[in-house]
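Notes follow the structure.
Quick note: numbers below take in every heavy atom, side chains included, and nothing from hydrogens, waters or symmetry partners. Starting from 1, each residue takes its place in the sequence as its number.
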Amino acid sequence: MTATLLRTAADLHARARTGRRAVVMTMGALHEGHATLIRTARKIAGPEGEVVVTVFVNPLQFGAGEDLDRYPRTLDADVELAGRSGADAVFAPSVDEVYPGGEPQVRISAGPMGERLEGAARPGHFDGMLTVVAKLLHLTRPDVALYGHKDAQQLALIRRMVRDLNFGVEIVGVPTVREEDGLALSSRNRYLSPAERRTALALSQALFAGRDRHAAQEALRARAREVPATRARAEALSAIGESRAAADAHAVATTAGGPAAVRAAARLVLDEAARLDPPLRLDYLALVDPSDFTEIGDSFTGEAVLAVAARVGATRLIDNIPLTFGPFGDAS
């Protein structure tokens, strides 16, 4: 399948529409993570619908000293990958097309959620991100727009903007795509030297350590719930040699666990990575409520996100995984 390259909104609007339009917004330098988004969009749009991929490096979401100038631009390869993955068109507008007359004086404010984590590390980033997403939603006029879970805070803010400002579009999140070694796919991975890449693996390893600690804790709690605290049951267990196992399960299940244990397991990996050569320089490790990205407490129940951001060399990377806490919580 060959994707048509379009440079102006007028050209995009001139295309005949017979079904649902699904849009995947990117800054280019497409990789398998983007391909997964496009393939998912193709399934949602169906054979009668249309998939549009936007390629636009948005200057508003890059702060001073960030990598706007060196951000990879590979439009020819992007158009090829988009078409191969099921896109009908690639909309790659110029800065003047998106921001006629220069930087917009009226912008979207991300609010308090946009000032936490990534927003604290990159002031103004989410205001710029939401402004361009709003612009591109108006320019592309989709029925559904897809975004990756890897940028969890971005996805949460887009959903909030669409809900709060009554955008008539469905927002779909797509799970993070990882390389075989666990590193989350990112256009910035190409900046990493072999040694830096080895250090960067600590991001996903820390998340998996937190997830595995939580899963082990929940398994032990489940085991403890299966052992009634009655004398007759204890005698029966003893007779068949299970009393020690039951006691061990109960002891471990009632020790400190939950969010505190998840954070501790993840931080241990990151602390070790800080001593590598080259070292990992942690920006944040956070276990947050996805509704507002505030840190959760030890008694929290429900869906949560374990998120990390760090620098390796000159490259800044982010990653996250979802977790569930509660009486029957498990790691997702």
Side-chain angles (χ1 to χ4, degrees), residues 3-15 17 20-30 34 37-38 41 44-45 50-64 66-69 71-73 75 78-79 82 87-111 113-115 118-119 122-148 150-174 187:
T4 301
L5 177 61
L6 305 171
R7 292 290 194 172
T8 69
D11 290 339
L12 180 59
H13 297 164
R15 292 174 64 87
R17 295 180 61 170
R20 300 183 80 197
R21 174 176 285 174
V23 165
V24 175
M25 295 184 186
T26 82
M27 292 205 300
L30 302 189
H34 297 110
L37 285 165
I38 297 166
I44 291 173
E50 181 183 46
V51 175
V52 176
V53 176
T54 70
V55 174
F56 181 67
V57 181
N58 177 35
L60 295 191
Q61 65 194 73
F62 288 80
E66 293 189 336
D67 58 348
L68 173 61
D69 291 337
Y71 196 87
R73 289 156 170 86
L75 184 57
D78 293 344
V79 173
D88 298 288
V90 172
F91 177 50
S94 66
V95 173
D96 289 340
E97 178 73 12
V98 177
Y99 301 121
E103 291 191 4
Q105 295 184 37
V106 177
R107 306 189 186 195
I108 302 290
S109 170
M113 195 198 313
E115 297 171 357
E118 283 299 291
R122 305 175 65 188
H125 166 71
F126 284 127
D127 291 354
M129 179 277 294
L130 289 179
T131 298
V132 79
V133 168
K135 292 276 290 185
L136 289 172
L137 287 174
H138 290 313
L139 290 171
T140 59
R141 302 173 184 175
D143 300 288
V144 57
L146 297 89
Y147 303 90
K150 186 179 79 71
D151 296 296
Q153 193 172 3
Q154 169 180 284
L155 175 58
L157 282 163
I158 292 171
R159 282 177 165 153
R160 189 62 186 247
M161 176 185 72
V162 166
R163 184 181 69 188
D164 287 356
L165 301 183
N166 299 103
F167 280 70
V169 59
E170 176 187 357
I171 303 299
V172 173
V174 178
S187 300

Between Lys150 and Leu155, is the side chain to side chain contact (heavy atoms under 4.5 Å, CB included) condition met? List the steps.
CA-CA 9 Å; Lys150 186 179 79 71; Leu155 175 58; over 6 Å; no
Partners passing salt bridge (charged side-chain N to carboxylate O under 4.0 Å, His left out) against Glu170 (at least two apart in sequence or in another chain)
Arg20
Kindly say whether Arg107 contributes a backbone atom to a donor-acceptor pair with the side chain of Thr131 at under 3.5 angstrom?
no
Stepwise side chain to side chain contact (heavy atoms under 4.5 Å, CB included) test for His34 and Val24:
CA-CA 8 Å; His34 297 110; Val24 175; 5.5 Å; no
Do the side chains of Glu97 and Arg7 get close enough for a salt bridge, i.e. N-O under 4.0 angstrom?
no
Any chance you could lay out the side chain to side chain contact (heavy atoms under 4.5 Å, CB included) test for Val172 and Ile44, step after step, and finish with the verdict?
CA-CA 10 Å; Val172 173; Ile44 291 173; 4.2 Å; yes
Are the side chain of Asp127 and the backbone N or O of Ala110 linked by a donor-acceptor pair below 3.5 Å?
yes
Check against side chain to side chain contact (heavy atoms under 4.5 Å, CB included), Lys135 and Phe56:
CA-CA 11 Å; Lys135 292 276 290 185; Phe56 181 67; over 6 Å; no
Just so I know, are the side chains of Tyr99 and Val132 near enough to count as touching, which here means a heavy-atom distance under 4.5 Å?
yes
Has Gln61 got a side-chain atom pairing as donor or acceptor with Phe126's backbone, closer than 3.5 angstrom?
no
Rounded to the nearest 0.5 Å, the CG atom of Leu137 sits from the CD1 atom of Ile171 at a distance of 6.0 Å
Side chain to side chain, Thr54 and Pro93, heavy atoms closer than 4.5 Å:
no
Nearest heavy-atom contact between Gly28 and Ser187 is O-OG, 3.5 Å
Hey, could you give me the CE/CG distance between Met25 and Leu37, rounded to the nearest 0.5 Å?
12.0 Å
Roughly how far apart are Thr26 OG1 and Ile38 CD1, rounded to 0.5 Å?
7.5 Å
With rounding to the nearest 0.5 angstrom, report the CG to CD1 distance, Leu157 to Ile108.
11.5 Å
Is the side chain of Asn58 donor-acceptor paired with the backbone N or O of Gly128 at a distance under 3.5 Å, no angle test?
yes
Is there a donor-acceptor pair under 3.5 Å between the side chain of His13 and the backbone N or O of Leu139?
yes
Might you point out which heavy atoms bring Val169 and Val162 nearest each other, and give the distance in Å?
O-CG1, 3.5 Å
Salt bridge (Lys or Arg N to Asp or Glu O under 4.0 Å) pairs touching residues 152-165, sequence neighbours excluded, are Arg160-Asp164
Test side-chain contact (heavy atoms from CB on, under 4.5 Å) applied to Thr140 and Leu6, Val23, Val53, the passing residue
Val23
With side chains defined as the heavy atoms from C-beta onward, is the minimum distance between Val55 and Leu75 less than 4.5 Å?
yes
For the residue pair Ala22 and Ala45, what are the closest heavy atoms and their distance?
CB-CB, 4.2 Å
Asp88 side chain near Arg15 side chain, heavy-atom distance below 4.5 Å
yes
May I ask you to decide if Ala89's main-chain N or O and Glu50's side chain share a donor-acceptor pair within less than 3.5 Å?
no
Can you tell me how far the CE atom of Met161 sits from the CE atom of Met113, to the nearest 0.5 Å?
12.0 Å
A side-chain contact here means heavy atoms from C-beta on lying under 4.5 Å apart; do Val174 and Tyr147 qualify?
no
dist Glu115:CD -> His125:NE2 (nearest 0.5 Å) comes out at 14.0 Å
Is there side-chain contact between Arg141 and Leu12, with at least one heavy-atom pair below 4.5 Å?
no
